[in-house]
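What follows is a short report on a single structure.
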Amino acid sequence: MELPKNITQIGESDKFCKIYAEDYVVSYLKQLNRVAGDKNLAVALYGTRKEEAGISYLFLYGAGRLNFLQRESRHLSQAVQQEAERQRQRYFREYSFLGYKILNGEMIEGFQICEQGVCRYISGYAQFYEKNDSMLAYMLEQRQEDAVPEQVEQEKYDMVKKRQEERRMQAEMERKRTDNRDRRVKDKQSGSSLRRMQYSAAVVFALLCVVGLTTINDGNGWNDLQAAARRMVDNISQQQIPDVMEVSNFSAEAGTIVAEDKLAEAIRMENDAAAEPAAVQSGATVPTSAPEPVATPEPTTPPTPEPTQPPTPEPTQAPTPEPSAEPTQEPVAEPTSYVIKRGDTLIGICIATYGSDEKVREICGLNNISNPDDIKVGQKILLP
């Protein structure tokens, strides 16, 4: 006969009767024992019996609540026997009735084993792990009948949902603040560029006025000066006016600040225009001596030409920044947790979650559990 290898011995076993209790059976007994208190709760035990070398081996695969048994007895009444049989026929048809256990809140160290109508106490048992569908089905059915709806999971869900909503609102507010800040910076930059362009245009216009006033008495150079001014204004309107225009002192006598490059071009054009007609008229070098003064008639004031208003270049439209995409909320990785319910065992949780009991020791290490049977209803554990 092959005995279970992965076992946990509880108490000192009997020499002539060895009891092996499957993990689900032990878990169900401990679950009832926690709520028994000072009451006596009776549980029927079902399984198989084998004999070898004069030693009886009992393997417990099922356990069910008995309502008609209130105290230990060597001989069971007919009502108790009928109740145990009905329960066996419904849940544990493939096993036999082997005995019972009275639970009163104390540690389980042995069972009442019934043989040939007589029940006697056998101390010590070994807990083993094996697939046990019948006991699992019984425990699930009892849990559905007795379980009270828990609000813990709903509260956790509401709390997580609230935290996610708060993070989403904070991200939205931060995005709006960033957009407003960028918009203000760009508006300020656009306004500064426009003001610099307007200021530069005003400086150029003032330069033209000063140059015109200095040459107002020279009728021959006036038209050339107007043409040069128009060309200069056209060039300025076609080019981007720099943010900072270098200026220099054009005339110490006039005390006017003008742009060096534009002023040099205007002076050169004015000198060329004034020297050209004199050279054509005389065909010789212009004398350096001043001519005798000739009485000139009272000059008529020529109509003052209206200054040409330089077209104000349209400000370059700053590209509108695309709104930054709303950041995605990564799920905050949380450890997998589980709340112990009535009837739960670490072996059952491990089998239901992973399909085997290989991670029982890892779950115990992760939650600092020294005894895998010592877990409480409502206790929160972490699953690897």
**Item:** Rounded distance (nearest 0.5 Å) linking atom OG of S96 with atom CG of L45
**Value:** 12.5 Å
**Message:** How close do R120 and C17 get, counting heavy atoms only, and between which atoms?
**Reply:** NH2-CB, 4.3 Å
**Message:** Are there over 12 heavy-atom neighbours, none belonging to R49, within less than 6.0 Å of that residue's CZ?
**Reply:** yes
**Message:** Could you go through E174 and R177, starting from their C-alpha distance and side-chain angles, then the distance that decides it, and tell me whether this counts as salt bridge (Lys or Arg N to Asp or Glu O under 4.0 Å)?
**Reply:** CA-CA 5 Å; E174 184 65 25; R177 284 196 296 268; 2.6 Å; yes
**Message:** Before you tell me yes or no, could you show the steps for T178 and N180 under side-chain hydrogen bond (donor to acceptor under 3.5 Å, both in side chains), namely the whole-Å CA-CA distance, both residues' side-chain angles and the distance that decides it to 0.1 Å?
**Reply:** CA-CA 5 Å; T178 303; N180 293 336; over 6 Å; no
**Prompt:** Do Q81 and E85 have side-chain N/O donor and acceptor atoms under 3.5 Å apart?
**Reply:** no
**Message:** Please give me the minimum heavy-atom distance between L69 and R71, naming the atom from each residue.
**Reply:** CD1-O, 3.3 Å
**Asked** Are I7 and V25 connected in the hydrophobic side-chain network, where two residues link if heavy atoms are under 4.5 Å apart?
**Response** yes
**Message:** To check you understand the geometry: which heavy-atom pair defines the closest contact between Q379 and I369, and what is its length?
**Reply:** NE2-CD1, 4.2 Å
**Item:** L32 to R65 - nearest heavy-atom pair and separation
**Value:** CD1-CD, 4.4 Å
**Asked** Once you round to the nearest 0.5 Å, how far does CZ of F97 lie from SG of C114?
**Response** 4.5 Å
**Request:** Check the hydrophobic clustering (I, L, V, M, F, W, Y; side-chain heavy atoms under 4.5 Å; chains of links allowed) and say if L29 and M107 are grouped together.
**Result:** yes
**Item:** Ionic contact status for E172 with R175, cut-off 4.0 Å
**Value:** yes
**Request:** Begin from the C-alpha positions of R86 and Q82 and carry the test side chain to side chain contact (heavy atoms under 4.5 Å, CB included) through to its verdict.
**Result:** CA-CA 6 Å; R86 285 194 302 269; Q82 291 177 354; 3.9 Å; yes
**Distance in Å, E94 CD paired with R88 CZ, rounded so as to fall on 0.5 Å steps** = 9.0 Å
**Request:** Kindly indicate, with the supporting measurements, whether the criterion side chain to side chain contact (heavy atoms under 4.5 Å, CB included) is fulfilled by S77 and F68.
**Result:** CA-CA 9 Å; S77 64; F68 296 112; 5.7 Å; no
**Asked** Does the side chain of Y338 come within less than 4.5 Å of T336's, by heavy atoms?
**Response** no
**Prompt:** Is the number of heavy atoms from other residues, nucleotides or ligands within 6.0 Å of CD (E358) greater than 12?
**Reply:** no
**Request:** Go through the steps for Q142 and Y91 under the test side chain to side chain contact (heavy atoms under 4.5 Å, CB included), then give the verdict.
**Result:** CA-CA 12 Å; Q142 294 298 316; Y91 299 105; 4.1 Å; yes
**Prompt:** More than 12 foreign heavy atoms under 6.0 Å from CD of E12: is that the case here?
**Reply:** no
**Message:** To the nearest 0.5 Å, what is the distance between CD on E51 and CG on L58?
**Reply:** 8.0 Å
**Prompt:** Looking only at heavy atoms, which two atoms of Q9 and A126 are closest? And how far apart?
**Reply:** OE1-CB, 3.5 Å
**Message:** Is the distance from the ring center of Y138 to that of F92 below 6.0 Å?
**Reply:** yes
**Item:** CA sep, side-chain torsions, deciding dist, call: E165, K162, salt bridge (Lys or Arg N to Asp or Glu O under 4.0 Å)
**Value:** CA-CA 5 Å; E165 184 67 20; K162 183 179 179 181; over 6 Å; no
**Request:** With the side chain counted from C-beta on, respond yes when I375 and I381 share a heavy-atom pair under 4.5 Å apart, and no when they do not.
**Result:** no
**Request:** Mind running side chain to side chain contact (heavy atoms under 4.5 Å, CB included) on I10 and I108 for me, showing each step along the way?
**Result:** CA-CA 9 Å; I10 307 297; I108 302 174; over 6 Å; no
**Whether F59 and Y20 hold their rings parallel, tilted or perpendicular, with breakpoints at 30° and 60°** = parallel
**Message:** Around atom CD of Q78, are there more than 12 heavy atoms from other residues, nucleotides or ligands closer than 6.0 Å?
**Reply:** no
**Message:** Within this structure, what is the OH-CD1 distance for the pair Y121 and I113, rounded to the nearest 0.5 Å?
**Reply:** 10.0 Å
**Asked** Does the N33 side chain pair with the main chain of E106, one donor and one acceptor, at a distance under 3.5 Å?
**Response** yes
**Asked** If you take all heavy atoms of A44 and Q87, which pair is closest and at what distance?
**Response** CB-NE2, 4.1 Å
**Request:** Could you tell me the separation between the CG atom of L346 and the CG atom of N367, rounded to the nearest 0.5 Å?
**Result:** 8.0 Å
